[in-house]
Structures are given as C-alpha cells and as structure tokens.
Amino acid sequence: MPQSGEKRMRLRYDGVCRLCGASLPAGVEAVYERATKTVRCLECAPAGALNAPEPSDSTAESKAEPPTSAPDVAGASARREYERRKAKREKRIRAKHPKLGGLILAMSDDPQSTKAWNTGAIGEEQLGRRLDELASDTVRVLHDRRIPGTRANIDHIAIAPTGIYVIDAKRYVNQRPELRIEGGILRPRVETLMVGSRDRTKLVDGVLGQVEIVRALVGDDMPVTGVLCFIDADWPLFGGAFSIRGVEVFWPKKLYPRLAASGEFPYGIDDAVVRLTAALPQA
C-alpha cells in the first residue's frame, strides 16, 4: 500500500518528478504526495506505492492540491538580475582601479539599465506581499512564472472566483498613466498608453501576449483578464482607471476588490493552479 498521505493516480496535467526531475505528461501514472504537494514518477516511488492500485475514487484527482516545489517569491528573478549586474559592475571597476575602486563605486550610481531591474523588483515585491495577504481557498496567487522557451516571465497570476488575472506590475514613481485616443470616425481609432510624457503602449502588447499564453493553458472558456498595475504612480483623486485593448490599467487598491469579488469559477480553482504551475515554472 502507498505510504500515508500518498496516492497513486493518473495525472490530469503535465508534471515533474520531485526526485529525478523527469517530465510526467498528462495521462501517465504517478504518486501524488499530499505533504509536499508534489508528484514523483513510479521509478522513484517505493515498492509499496508501485504495487498499490489506482484509487477508485474518481474525484481524487480533481481534489488534489497543486504541486509546488517551493513558495513563490514575487520579484525574485528581477532581484537576482539586479544583484548580478551590480556585482559584475563592482568587480569590473575594482579590477580596473584596484586602489580607487571603492571610492569610484561610492561616488557613482549604477547605470539606468541596472537600476531599472531594482525598480521593477521593488514594484513586484510590494504588490506580491499584498496579493499574498489576499490569498485564500478562493483566491490563489502565483508569482514570477517563467514563460517556457523565453527569458520572459509573468509577474503575478491570480486565480479568483471571477476568473484568472494576469498581472504585470509596473513602478513609475510620480508619473501618471493615461489613455490617449486618436481618430474614431473618419480615421481608424488608435489607443495609446501614455505614462508621463512617453508612449508606453508596448506594455499593453506584452500583457496581451501573456494573456494568450495563459488562455491557451486553461482553455478558451476560462475568463482571463490582463492587468497593468502601476505602483507609486501619480493617480488622480477621482477616476483614473481605464481599459486599453481589453487590458485593465489601474493601481493596487483598485485591483484588490476585483480579486475578492464573489463569482462562480468555471471549474475548480485548484485544477487551474495545477495546470498553470506545471506549465509555467518558477523564474
């Protein structure tokens, strides 16, 4: 018989063996560990589990909790990249100026390309902490998920009663996001996202791409909403939030009620978490 807290089952979604790292495609038999919320292949399972019959309870699979290897940490990959760039610059300057390297570093700033990673990490960390506070049985949150085959990541994914929210955290201190609309009657309507005085519409394109990736994983019948959440921005006292090409643009306190709102999720929240966790590894 399997050890206590373990079940042998046929996987509904792709997974990865906790012990050997082997890919486990949907449909194969594996052992689910409730304590660690992970799966392992039959080759790594103890003899007792190998000989155990597949559970007859057809609901066991759907009730299985999503496998995780470690708690998600918001902004982890951005923070690592910032520290890597900062350390590389320090090493280069100290090697070039053995005697004055410390003074040069103390009197100079990191280049903007490096500081941008720190700014991004701070925004993701701030939003991530609050999202973690909202997490519950009905609101599940994933942070810093890598898009396979790319170096890109998704900052946050929230699975709530009203659907799935793909959230891109942006920190533009004291700058105001605005929607600019041109054309519409005699000319094609063009929507532009302005942040301060700069065109940042490319941020919308990025979120839309992430939404399509998530929608492909969970199915077309699942409501998936893209969100650009601006932190420490210069929002007006009244209004300010808007939508551009289906992407919601607002600030954290405007986001939280959306996640806490009541609704009926089209299928089990845990099922969605399992699928997204398996397909989008931690960055």
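Predicted model only: the values in this text are computed from it and were never measured.
- Note that NZ of Lys99 is 13.0 Å distant from CD1 of Ile104, once rounded to the nearest 0.5 Å.
- Considering OG1 of Thr114 and CD of Glu83, their distance stands at 11.0 Å, rounded to 0.5 Å.
- Looking only at side-chain heavy atoms (C-beta outward), His143 and Asp132 come within less than 4.5 Å of each other.
- Salt bridge status for Glu133 with Arg129: absent, with no side-chain N to carboxylate O gap under 4.0 Å.
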Between Val31 and Lys7, is the side chain to side chain contact (heavy atoms under 4.5 Å, CB included) condition met? List the steps.
CA-CA 5 Å; Val31 175; Lys7 282 194 175 183; over 6 Å; no
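- Atom-to-atom distance recorded for Ser108:OG and Leu103:CG is 9.0 Å, nearest 0.5 angstrom.
- Counted within 6.0 Å of CZ on Arg245, heavy atoms from surrounding residues, nucleotides or ligands total more than 12; the atom is thus considered enclosed.
- The closest side-chain heavy-atom distance from Asp220 to Arg215 is below 4.5 Å.
- Using modelled atom types, one side-chain atom of Arg176 and one backbone atom of Asp234 make a donor-acceptor pair closer than 3.5 Å.
- Hydrophobic clustering of Ile, Leu, Val, Met, Phe, Trp and Tyr side chains at less than 4.5 Å, counting indirect connections, unites Leu179 with Val207.
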Please test Glu182 against Arg187 for salt bridge (charged side-chain N to carboxylate O under 4.0 Å, His left out), starting from the C-alpha separation and ending with a verdict.
CA-CA 8 Å; Glu182 298 176 333; Arg187 293 183 298 150; 5.7 Å; no
Is there a side-chain hydrogen bond (donor to acceptor under 3.5 Å, both in side chains) between Asn153 and Asp144 once you walk through the steps?
CA-CA 6 Å; Asn153 73 302; Asp144 204 14; 2.7 Å; yes
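- Taking the six-membered ring where tryptophan is involved, the planes of Trp251 and Trp235 are tilted, since the angle between them lies from 30° to 60°.
- Between Leu276 and Leu142, some side-chain heavy-atom pair lies under the 4.5 Å cut-off.
- Residues Ile231 and Val73 fall into different hydrophobic clusters, defined by Ile, Leu, Val, Met, Phe, Trp and Tyr side chains chained together at heavy-atom separations under 4.5 Å.
- In this structure, Lys253 and Tyr256 approach most closely via the heavy-atom pair CA-CD1, 3.8 Å.
- In the hydrophobic clustering of ILVMFWY residues, with side-chain heavy atoms under 4.5 Å counting as a link, Met194 and Val173 come out apart.
- The nearest pair of heavy atoms linking Arg79 to Ile122 is NH2-CG1, 3.7 Å.
- At least one side-chain heavy atom of Pro252 sits less than 4.5 Å from a side-chain heavy atom of Cys229.
- Using a 4.5 Å heavy-atom cutoff, the side chains of Pro148 and Leu280 are in contact.
- Listed here is the closest heavy atom pair of Ser113 and Trp117: O-CD1, 3.1 Å.
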Full working for side chain to side chain contact (heavy atoms under 4.5 Å, CB included) between Asp199 and Leu193:
CA-CA 6 Å; Asp199 182 347; Leu193 170 63; 5.5 Å; no
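- Ile164 and Ile269 fall within a single hydrophobic cluster, where Ile, Leu, Val, Met, Phe, Trp and Tyr are joined by side-chain heavy atoms under 4.5 Å apart, directly or via other members.
- A continuous path of ILVMFWY side-chain contacts below 4.5 Å connects Val195 to Ile181, so both sit in one hydrophobic cluster.
- Within the model, atoms OG1 of Thr277 and CZ of Arg140 stand 8.0 Å from one another, a figure rounded to the nearest 0.5 Å.
- Between Arg200 and Tyr172 the shortest side-chain heavy-atom distance falls below 4.5 Å.
- Residues Arg89 and Leu105 come closest through the heavy atom pair NH1-CD2, 3.7 Å.
- In summary, Lys86 and Asp110 engage in a salt bridge, as defined by a charged side-chain N under 4.0 Å from a carboxylate O.
- Considering Ile157, Leu228, Leu255 in turn, Leu255 is the only one that fulfils the side-chain contact (heavy atoms from CB on, under 4.5 Å) rule with Ile167.
- Taking both residues in full, the closest heavy atoms of Ala74 and Glu124 are given as CB-O, 3.4 Å, listed atom of the first, atom of the second, then distance.
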Going through the checks in order, is the side chain to side chain contact (heavy atoms under 4.5 Å, CB included) test met by Gln282 and Asp72?
CA-CA 7 Å; Gln282 294 179 16; Asp72 286 2; 3.1 Å; yes
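- In this structure, the separation between CD1 on Ile159 and CE on Met222 is 9.5 Å, given to the nearest 0.5 Å.
- Using a 4.5 Å cut-off on side-chain heavy atoms (C-beta onward), Lys170 and Pro177 make no contact.
- For the pair Arg258 and Tyr165, the cation-pi test (distance below 6.0 Å, angle within 45°) is failed.
- Every residue meeting the side chain to side chain contact (heavy atoms under 4.5 Å, CB included) condition with Lys88, not counting sequence neighbours, appears here in chain and number order: Arg84.
- With hydrogens and angles left out, the side-chain atoms of His156 and Asp168 include no donor and acceptor closer than 3.5 Å.
- For the pair Leu208 and Val247, the minimum side-chain heavy-atom distance is below 4.5 Å.
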Should Leu131 and Leu259 be marked as a side chain to side chain contact (heavy atoms under 4.5 Å, CB included) after you check the CA-CA gap, both sets of side-chain angles, and the distance that decides it?
CA-CA 9 Å; Leu131 292 176; Leu259 302 182; 3.6 Å; yes
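- Residues Leu127 and Ala169 approach most closely at CD2-CB, 3.9 Å, considering heavy atoms.
- To the nearest 0.5 angstrom, Arg145 atom CZ is 11.5 Å from Ser77 atom OG.
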